[in-house]
2 protein chains.
Amino acid sequence: MPTMHDVARRANVSLSTVSYAINGTRPISEETRQRIFAAMEELGYRPHALARGLASKRSRILALLFPTSERGMGTTDLEFIIGAADTARDLGYHLVLWTSDINDAVELRQLIQQGLVDGVVLMEVHLNDRRIAYLQEIDFPFSIIGRCADNTGLAYTDIDFEQTVRTAVQHLVELGHTDIAFINHAREVFDAGYGPAVRTTDAFQRITQELGIHSVIRFCHPTAQAGYTTFNALIDERPEITAIAAMNERCFPGMLQAIADRGWCVPDDISLISLVSSPDVAEMSMPPLATLAPPAAELGRLGVELLVQQLDGRPVSITERLLPCRLVLGGSTGERRAPTLNPPSQFSGVADPGL
Amino acid sequence: MPTMHDVARRANVSLSTVSYAINGTRPISEETRQRIFAAMEELGYRPHALARGLASKRSRILALLFPTSERGMGTTDLEFIIGAADTARDLGYHLVLWTSDINDAVELRQLIQQGLVDGVVLMEVHLNDRRIAYLQEIDFPFSIIGRCADNTGLAYTDIDFEQTVRTAVQHLVELGHTDIAFINHAREVFDAGYGPAVRTTDAFQRITQELGIHSVIRFCHPTAQAGYTTFNALIDERPEITAIAAMNERCFPGMLQAIADRGWCVPDDISLISLVSSPDVAEMSMPPLATLAPPAAELGRLGVELLVQQLDGRPVSITERLLPCRLVLGGSTGERRAPTLNPPSQFSGVADPGL
DNA sequence: CTGTTAGCGCTTTCAT
DNA sequence: ATGAAAGCGCTAACAG
């Protein structure tokens with residue numbers, strides 16, 4: 001493997017000149033520059049990443065920190081990761097994956113102290129995340145995909161939940177719906193202050209009130225069984241509901257089952273829309289669910305960009321980047337059903353396939 | 001940040017002794033060992049990864065190479081990655097993600113020449129993969145998740161498609177099915193020699209023949225529309241079919257739609273089983289699909305283990321690791337329908353929700 | 001515009 | 001059982 005030394009000799013210049021030529025750290029006469037690059041080409045030379053990192057104190061390696069334990073449905077997370085990896089590469093960085101189940105600042109310290117990475121991108125942060133406090137304390141560059149309780153001064157990117165919920169509700173309102181239910185995450189998750197759950201709930205309440213829409217909010221565990229039960233309880237209690245927006249995609253199969261059991265039809269008898277689930281998943285339902293697709297790849301990209309901006313010493317003017325989800329229609333939303341029958345249906349002769 | 005030098009001074013030993021103590025490369029008297037580790041503890045010392053890598057010529061960094069462009073099974077791919085990342089960490093390695101859309105050996109060379117990684121794990125390899133030829137040529141350590149045309153001498157791990165198909169077919173046969181269809185990937189994909197498609201097809205043909213089962217094989221694009229069309233064409237032509245095993249999860253929504261349109265019921269009128277899709281996705285259907293769940297995390301783990309074995313100079317005795325998918329029942333398979341009616345159903349009064 | 005040289009923090013001969 | 005010292009391949013003062 002050729003080294004810088006080899007290149008220097010071949011180009012008849014000193015080693016440092018090669019270095020400066022490569023890094024553009026210092027003006028080089030066009031002629032020698034040519035010679036150097038020619039020599040590099042001929043030798044197939046590539047700078048050694050470790051040596052460069054050691055000498056310059058910049059490894060050009062970033063870490064993506066994501067807890068493998070508390071992950072959701074996957075496909076979205078994968079997009080985060082790929083978006084981040086792609087962007088890192090585009091910006092001349094490497095990306096290492098740190099799967100820490102521990103949200104411990106201790107483990108993070110050990111990793112950082114290895115001097116491997118120039119900065120970290122955090123995912124799945126908690127409202128009061130010790131890791132963040134630690135990173136600030138030691139003044140280590142980082143960015144966040146997600147949000148904390150207090151985000152002042154933090155470089156973060158997140159879903160614009162307000163706008164996302166607004167889009168969903170408006171879509172339903174435009175279809176004539178006036179009684180809309182919101183199926184939330186599980187109560188424990190909400191009570192623990194899980195950001196997406198809290199923010200969407202707030203937004204839903206505010207927006208429905210603003211638009212004069214009757215609303216209900218229900219917690220629901222992320223299982224088909226819970227979806228089934230929750231739906232039935234909801235409709236029994238509030239039969240006037242004609243549309244449901246749900247924050248957890250895993251309750252849909254159960255809800256669809258419950259709907260079928262009643263002999264109802266989507267979207268004729270009830271409209272469904274998923275908040276924040278990927279179109280891929282939404283298409284696994286019948287009919288495909290309308291969804292607000294999270295801008296996962298973009299968030300991954302922004303997470304890295306916000307970090308690299310700091311590393312490159314660029315003034316990080318805007319440190320907050322909120323991206324709305326994109327409405328993807330899928331056939332599960334339609335005009336509000338005629339309020340004549342209550343609850344209405346077309347046929348009731350559908351067999352119960354069991355749950 | 002404390003360095004080895006600091007530790008040495010604090011422990012009253014030479015720098016090299018600290019190094020030997022850390023690496024266990026040379027016997028150290030118990031007493032000095034204690035002193036050294038105490039000093040490390042007190043200083044909160046961590047060896048510098050880059051310096052260590054540069055000096056030892058082993059970075060303890062691995063690369064996971066996966067083409068972001070190719071068809072992604074989404075959630076399964078994420079599990080690969082996490083499995084690999086977890087394992088790397090457990091074995092004392094870092095894992096960097098290389099998202100190359102180019103299957104070019106050139107780009108791979110550039111990356112390897114940086115000296116950043118000790119070895120690479122390849123995903124989505126092609127039957128005749130230039131990257132593999134290149135890696136062998138320069139004798140660079142690597143392992144594969146997947147398979148090539150010629151795998152002699154390669155360290156690879158893959159799904160045991162033969163066993164997977166066998167499990168699926170046997171399950172259906174045990175339920176009394178004697179006429180089973182296999183929904184394949186798209187013809188282009190098959191013709192291109194895509195391993196999973198080719199292997200499952202071969203296995204399906206062999207196994208059904210072996211068991212004396214009537215079989216049909218159909219290609220299908222990975223869309224709901226294609227699933228709908230393919231299903232209808234299939235059943236019109238071969239109405240005796242009572243069970244379908246499908247290689248592409250994305251055609252299921254369309255098939256389910258077609259089934260509903262006929263007023264059929266799953267699994268009473270027809271059994272469905274998905275080959276190689278994750279239970280998470282399978283549960284998004286109604287009823288949840290029976291599936292053969294890929295051992296994704298294990299494959300990721302094995303990919304890394306096979307690589308690290310080589311790096312640690314351990315004799316890589318077994319270089320081939322085939323893992324079967326795990327049968328996860330979901331309610332979409334049942335006893336073969338009574339052959340009296342043809343085609344039968346329970347109710348036909350189900351409204352057509354449109355596609 | 002170019003060259004010389006002192007490290008970066010660690011591993012690893014070669015001594016003792 | 002321990003130390004001294006020569007690099008690993010590169011960057012970045014410091015000199016001209």
Side-chain angles (χ1 to χ4, degrees), chain A residues 1-37 39-40 43-61 92 94 112-118 311-313, chain B residues 1-37 39-40 43-61 92 94 110 112-118 311 313:
Chain A
M1 209 105 303
T3 97
M4 208 164 202
H5 189 220
D6 301 326
V7 176
R9 290 208 317 170
R10 193 169 233 278
N12 268 312
V13 292
S14 82
L15 192 154
S16 62
T17 304
V18 177
S19 171
Y20 289 120
I22 289 174
N23 299 302
T25 316
R26 172 164 107 171
I28 305 280
S29 82
E30 187 50 28
E31 195 224 301
T32 40
R33 227 186 62 86
Q34 298 277 316
R35 276 216 317 284
I36 291 172
F37 277 87
M40 287 183 10
L43 295 171
Y45 169 80
R46 294 272 109 186
H48 188 106
L50 297 182
R52 194 208 276 254
L54 179 59
S56 68
K57 301 188 169 310
R58 294 197 54 191
S59 66
R60 300 209 135 249
I61 302 176
H94 289 280
I112 287 177
Q113 287 218 19
Q114 295 193 128
L116 216 225
V117 304
D118 292 339
L311 295 177
D312 290 359
Chain B
M1 209 106 304
T3 92
M4 208 164 206
H5 189 222
D6 301 327
V7 176
R9 290 208 319 172
R10 191 169 235 276
N12 267 311
V13 292
S14 81
L15 191 154
S16 60
T17 304
V18 177
S19 172
Y20 288 120
I22 289 173
N23 299 300
T25 317
R26 173 164 108 170
I28 304 281
S29 82
E30 186 51 28
E31 196 223 302
T32 42
R33 226 186 63 86
Q34 299 277 317
R35 276 215 318 283
I36 290 172
F37 278 86
M40 287 183 8
L43 294 171
Y45 169 80
R46 294 269 111 187
H48 187 106
L50 296 183
R52 194 209 276 256
L54 178 60
S56 68
K57 303 192 167 307
R58 295 198 53 191
S59 65
R60 299 209 138 249
I61 301 175
H94 290 281
Q110 314 231 31
I112 287 178
Q113 287 218 17
Q114 297 194 120
L116 215 224
V117 304
D118 292 339
L311 295 176

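Protein chains get the first letters and strands the later ones, always in sequence-line order, with residue 1 at the start of each. Computation of the quantities below employed the complete heavy-atom set of this structure, encompassing side-chain atoms and omitting hydrogens, waters and symmetry-equivalent molecules.
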Touch class at under 4.0 angstrom, heavy-atom based, for B:Leu54 against every strand present: base

A:Pro2 vs B:Tyr20, nearer the 5' end of DNA chain D by closest nucleotide: B:Tyr20

Closest-nucleotide 5' rank along DNA chain C - winner of B:Arg46 and A:Arg26: A:Arg26

Sugar-phosphate only, base, or nothing, as touched by A:Ser56 at under 4.0 Å among non-hydrogen atoms: sugar-phosphate

Boundaries of the DNA chain C segment in contact with chain A, non-hydrogen, under 4.0 Å: C:dC1 to C:dG9

Neighbour count above 12 (heavy atom, 6.0 Å) for A:Arg58 CZ: yes

Residue whose closest nucleotide on DNA chain D lies nearer the 5' end, B:Ala55 versus B:Ser16: B:Ser16

Residue pair A:Glu30 / A:Arg33, side-chain heavy-atom distance below 4.5 Å: yes

Any donor-acceptor pair under 3.5 Å from A:Ser59 side chain to A:Gly53 backbone: no

Donor + acceptor pair across side chains of B:Gln114, B:Gln110 (<3.5 Å): no

Sugar-phosphate, base or nothing in reach of A:Thr32, heavy atoms under 4.0 Å: sugar-phosphate

Touch class at under 4.0 angstrom, heavy-atom based, for A:Leu15 against every strand present: base

Residue whose closest nucleotide on DNA chain C lies nearer the 5' end, A:Asn12 versus A:Ala51: A:Asn12

CE on B:Met4 to CG on B:Leu43, rounded to 0.5 Å: 12.5 Å

Euclidean distance, A:Leu50 CG relative to A:Arg52 CZ, rounded to 0.5 Å: 11.5 Å

Residue of the set B:Arg60, B:His94, B:His48 for which side-chain contact (heavy atoms from CB on, under 4.5 Å) holds with A:Leu116: B:His94

Within-4.5 Å side-chain heavy-atom neighbours: B:Asp6 and B:Tyr45: no

Reported CG-to-OG distance for the pair A:Asn23 and A:Ser16, which is rounded to 0.5 angstrom: 11.5 Å

Touch class at under 4.0 angstrom, heavy-atom based, for A:Ser29 against every strand present: sugar-phosphate

Range on DNA chain D touched by chain B, heavy atoms, distance below 4.0 Å: D:dA1 to D:dG9

